[in-house]
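Per chain, numbering begins at 1; letters A, B, ... match sequence-line order. Note that these values count all heavy atoms, side chains included, but never hydrogens, waters or copies made by symmetry. Nothing here was measured: the structure is a model prediction, and the numbers come from that model.
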Amino acid sequence: MKTLLIAEHDNKALSPQTAKALTAAKQLGPVDLLVMGYECAAVAQQAAQLQGVEKVLLVEHSELTHQLAESCAETILAMASGYTAIVAAATTTGKNTLPRVAAKLDVMQISEVIEVLDASTFKRPIYAGNAIQTVTSNDSIKVLTVRTSNFEATPSGSECSVESLTLDVQAGPSAHISDQLSVSERPELSSAKVIISGGRALGSADKFQEVILPVADKLGAAVGASRAAVDSGYAPNDWQVGQTGKIVSPDLYIACGISGAIQHLAGMKDSKVIVAINNDEEAPIFQVADYGLVADLFVALPELEAKL
Amino acid sequence: MKVLVAVKRVVDYNVKVRVKSDGSGVDLANVKMSINPFDEIAVEEAIRLKESGKATEVVLVSVGSAKSEETLRTGLAMGADRGILVDTDEQTVEPLAVAKILKSVAQSEQADLVILGKQAIDDDCNQTGQMLSALLDWPQGTFASVVDVLSPEKVNVTREVDGGLQTLQLRLPAVVTTDLRLNEPRFASLPNIMKAKKKPVAKLTLSDVGLGDEVLTPRLTVKTTQEPASRQAGIKVGNVAELIEKLKNEAGVL
Ligand SMILES: Cc1cc2nc3c(=O)[nH]c(=O)nc-3n(C[C@H](O)[C@H](O)[C@H](O)COP(=O)(O)OP(=O)(O)OC[C@H]3O[C@@H](n4cnc5c(N)ncnc54)[C@H](O)[C@@H]3O)c2cc1C
Ligand SMILES: Nc1ncnc2c1ncn2[C@@H]1O[C@H](COP(=O)(O)O)[C@@H](O)[C@H]1O
């Protein structure tokens, strides 16, 4: 009964998602952590400090630089024997790779686990979170992705061993061409304590920048957006919150000019405190908001910024 | 180049589903069903490939009950050439089983590209495409926002990832899954809806695709289906000053 947890990282730093996924993984039994990448020994050192990890396995290879699904899945499969569970955070990297591992092991993946009831029984949301299923896996190896917003991070502060493995990783059938990653000084959406999000009502990318960002800066907040705002080009795609975007659960979520479609609510309704600013008092977002302000956001937000 | 598109019949995205009080599942009686929105985007992309002369044929495949024919007709009305229905009756078919069935269809059709949605909005699994790609040993480009077929051997796929965008080059044959911003699906015109009624839809059984019934044996047993914890609506504040005061003193989050 041993679990292999896949670390989330960018070759430089361990993502905070890993410490959260670890909290879920530990409920299944002892955990080894796998760091796959290139020139990422520093990540393995950070991973080794997470409390309760038995050991860190480090596989470095130039073919793993961009963590493409095909070569990552092969790497995981090469070490899968000896583990009864394989776990990753439900990030775009985890979601890309883990179903391949499951298929090759001929098991079903359990996607977006929000609660571990025992080593084979899990809760997961379906229908954009409008229903919660309790499922038992009948497969011999459990492959699961974890919805990290539902788990607290495991703290650092211990030190386990790092085992470096040499693996012959084959070049896969896909090649990395380029990344266009957003660079931002702001906190990351999936781990931010405060998030302010804008919707279609912002009307343009310029207005989005002009009205939302100053408040975000004052609050030290991450910035999110509805699908409508992203589709219209007001905000980049990695800001989308919702069923098919990021799932967040900050202490404070401020929705501005967002109507509250079920697909948007699916991504933020587990936030501790929700504030909605909308000029339509009938907007469905008010049904989940702790504090609703019926107002024109173009007036309310500058005022909020000034008074904070 | 032949393009195969997987389409699933799901509850319409506008419906807020209700959980049955005995915990046995969600109530699907008299609920509006539609093509999975991501699959509609997949169909649109395939048709555009055909219109630009890059694809020669667009074949749709759905796994499910006879009612899934309706879903196939929706895609045929948009402009796909023909459909394949793998009839599994009313049983739930898990993504792993769907992937095995799609693998068999992709091989017998000799598809060069299979396009799926990234996620079915009923089970929210986001795994079938990746599984299919693994079973076929074909490269995958998931969560695509741009699909650029460069030649009969190569396709560039731009993917929506947590940090922004990533572009990959895949050797064909390959599997692609769609994200929302790949394209905006067209509306089918009335004449095209009429024409779609006459387009061929092959009805296959599991044994027609070379699989036995055991492929459908569920790997996951659903114990219960519950309502999520519900959130109570809070209060309305009168102005910005009151909002700040509440957030500071009542909620303690500022
Ligand atoms: C398969 C699928 C997946 C989806 N996934 C997601 C997802 O992950 N995330 C997501 O967000 N959506 C998602 N959607 C889209 C979702 O259904 C809604 O269309 C979208 O969330 C609407 O965005 P919005 O609230 O910004 O826009 P609208 O619904 O147009 O709402 C705009 C709001 O702004 C208010 N407003 C207008 N002017 C002002 C003003 N001056 N001051 C204050 N308020 C104002 C209006 O009253 C209105 O309530 C998905 C849809 C589908 C089909
Ligand atoms: N029963 C099915 N029939 C056809 N395609 C399916 C079926 N189930 C899933 N798919 C395809 O796989 C995608 C992802 O589904 P899922 O992994 O269930 O979220 C969908 O968008 C469809 O393209």
Checklist outcome for this item: Turns out that what part of A:Q240 lies under 4.5 Å from chain B's heavy atoms comes down to side chain
Next on the checklist: Is any side-chain heavy atom of B:L254 closer than 4.5 Å to one of A:V194?
Outcome noted: no
Item to check | Expected output: side-chain B:R219 to main-chain A:D106 donor-acceptor under 3.5 Å | outcome: yes
Item to check | Toward chain B, the part of A:A175 with a non-hydrogen atom under 4.5 Å | outcome: both
Next on the checklist: Could you walk me through whether B:R231 and A:D290 satisfy the salt bridge (Lys or Arg N to Asp or Glu O under 4.0 Å) test, starting with their C-alpha distance in whole Å, then the side-chain angles of each, then the deciding distance to 0.1 Å, before giving a yes or no?
Outcome noted: CA-CA 9 Å; B:R231 235 192 136 94; A:D290 300 283; 2.8 Å; yes
Checklist outcome for this item: If one checks every heavy atom of A:L219 against chain B at 4.5 Å, the contacting part turns out to be side chain
Checklist entry - side chain to side chain contact (heavy atoms under 4.5 Å, CB included) between B:D137 and A:K104: does it pass, once the steps are laid out? => result CA-CA 10 Å; B:D137 269 318; A:K104 295 253 173 166; 2.7 Å; yes
Checklist entry - So, do B:F143 and A:K95 sit near enough that their side-chain heavy atoms are less than 4.5 Å apart? => result yes
Next on the checklist: Which atoms of B:V237 are under 4.5 Å from chain A, going by heavy atoms: the side chain, the backbone, both sets, or neither?
Outcome noted: both
Item to check | Nearest heavy-atom neighbours spanning A:M108 and B:Q127 | outcome: CE-NE2, 3.7 Å
Checklist entry - What's the shortest heavy-atom distance between A:A69 and B:Q140, and which atoms? => result CB-NE2, 3.1 Å
Checklist entry - What is the minimum heavy-atom distance between B:A134 and A:R100, and which atoms define it? => result CA-NH2, 3.6 Å
Checklist entry - Just wondering, do B:Q166 and A:H176 contact through their side chains at under 4.5 Å, heavy atoms? => result yes
Checklist entry - Is there a donor-acceptor pair under 3.5 Å between the side chain of A:S182 and the backbone N or O of B:G163? => result yes
Checklist entry - Between A:R124 and B:D124, is there a side-chain N and carboxylate O pair less than 4.0 Å apart? => result no
Next on the checklist: Closer than 3.5 angstrom, by distance alone: can the side chain of B:Q226 be matched with the main-chain N or O of A:T134 as a donor-acceptor pair?
Outcome noted: no
Checklist outcome for this item: CD of B:E94 to CD of A:Q109, rounded to nearest 0.5 Å, is 12.0 Å
Checklist entry - If you look at every heavy atom in B:L168 and A:I177, which pair is closest and at what distance? => result C-CG1, 3.8 Å
Checklist entry - What are the two closest non-hydrogen atoms of B:V161 and A:D238, and how far apart are they? => result O-CB, 3.9 Å
Checklist outcome for this item: Note: B:L180 and A:T244 closest approach over all heavy atoms is CD1-OG1, 3.4 Å
Checklist outcome for this item: Applying a strict 4.5 Å limit to non-hydrogen atoms, the region of A:K246 in contact with chain B is side chain
Next on the checklist: I'd like to know whether B:I244 forms a side chain to side chain contact (heavy atoms under 4.5 Å, CB included) with A:L304, so could you lay out the CA-CA distance, the side-chain angles of the two residues, the decisive distance to 0.1 Å, and finally the verdict.
Outcome noted: CA-CA 8 Å; B:I244 294 176; A:L304 181 64; 3.6 Å; yes
Item to check | Side chain proximity check, A:Q287 to B:Q232, heavy atoms < 4.5 angstrom | outcome: no
Checklist entry - At a heavy-atom separation under 4.5 Å, does A:A73 approach chain B through its side chain, its backbone, both, or neither? => result neither
Next on the checklist: Main chain of A:T136, side chain of B:K223: is a donor-acceptor contact present, judged purely on distance under 3.5 Å?
Outcome noted: no
Next on the checklist: Checking side-chain polar atoms at under 3.5 Å, does A:S111 have a donor or acceptor matched by the opposite partner on B:N126?
Outcome noted: no
Item to check | Side chain to side chain, B:Q169 and A:S174, heavy atoms closer than 4.5 Å | outcome: no
Next on the checklist: Can you tell me which portion of B:A99 sits under 4.5 Å from chain A's heavy atoms? Options are side chain, backbone, both or neither.
Outcome noted: neither
Checklist entry - Hey, does A:R227 have a side-chain heavy atom less than 4.5 Å from the side chain of B:R181? => result yes
Next on the checklist: Between A:T92 and B:E160, is there a side-chain heavy-atom distance shorter than 4.5 Å?
Outcome noted: no
Item to check | Selection from A:V230, A:L68, A:I110 maximising heavy-atom pairs under 4.5 Å formed with chain B | outcome: A:V230
Checklist entry - With a distance cut-off below 6.0 Å to the six-membered ring centre and an angular limit of 45° from the axis, does B:K236 pair with A:Y291 as a cation-pi contact? => result no
Item to check | Distance in Å, A:E303 CD paired with B:N239 CG, rounded so as to fall on 0.5 Å steps | outcome: 7.0 Å
Item to check | Working for salt bridge (Lys or Arg N to Asp or Glu O under 4.0 Å), residues A:D179 and B:R159 | outcome: CA-CA 9 Å; A:D179 284 325; B:R159 311 178 49 233; over 6 Å; no
Checklist entry - Do B:L165 and A:N237 have side chains that get closer than 4.5 Å, going by heavy atoms? => result yes
Next on the checklist: Please classify the contact between A:K193 and chain B as side chain, backbone, both or neither, with a heavy-atom cut-off of under 4.5 Å.
Outcome noted: neither
Checklist entry - What part of B:F38 is in contact with chain A, defined as an atom under 4.5 angstrom from a non-hydrogen atom: side chain, backbone, both or neither? => result side chain
Item to check | Contact winner vs chain B - A:V294, A:D139, A:V273, A:I114, heavy-atom pairs under 4.5 Å | outcome: A:D139
Item to check | Which atoms of A:I132 approach chain B - backbone, side chain, both or neither, heavy atom under 4.5 Å | outcome: both
Checklist entry - Side chain, backbone, both or neither: which part of B:V222 has a heavy atom under 4.5 Å from chain A? => result both
Next on the checklist: Determine whether B:L247 and A:V275 satisfy the following criterion, side chain to side chain contact (heavy atoms under 4.5 Å, CB included), listing intermediate values before the conclusion.
Outcome noted: CA-CA 9 Å; B:L247 291 177; A:V275 171; 3.7 Å; yes
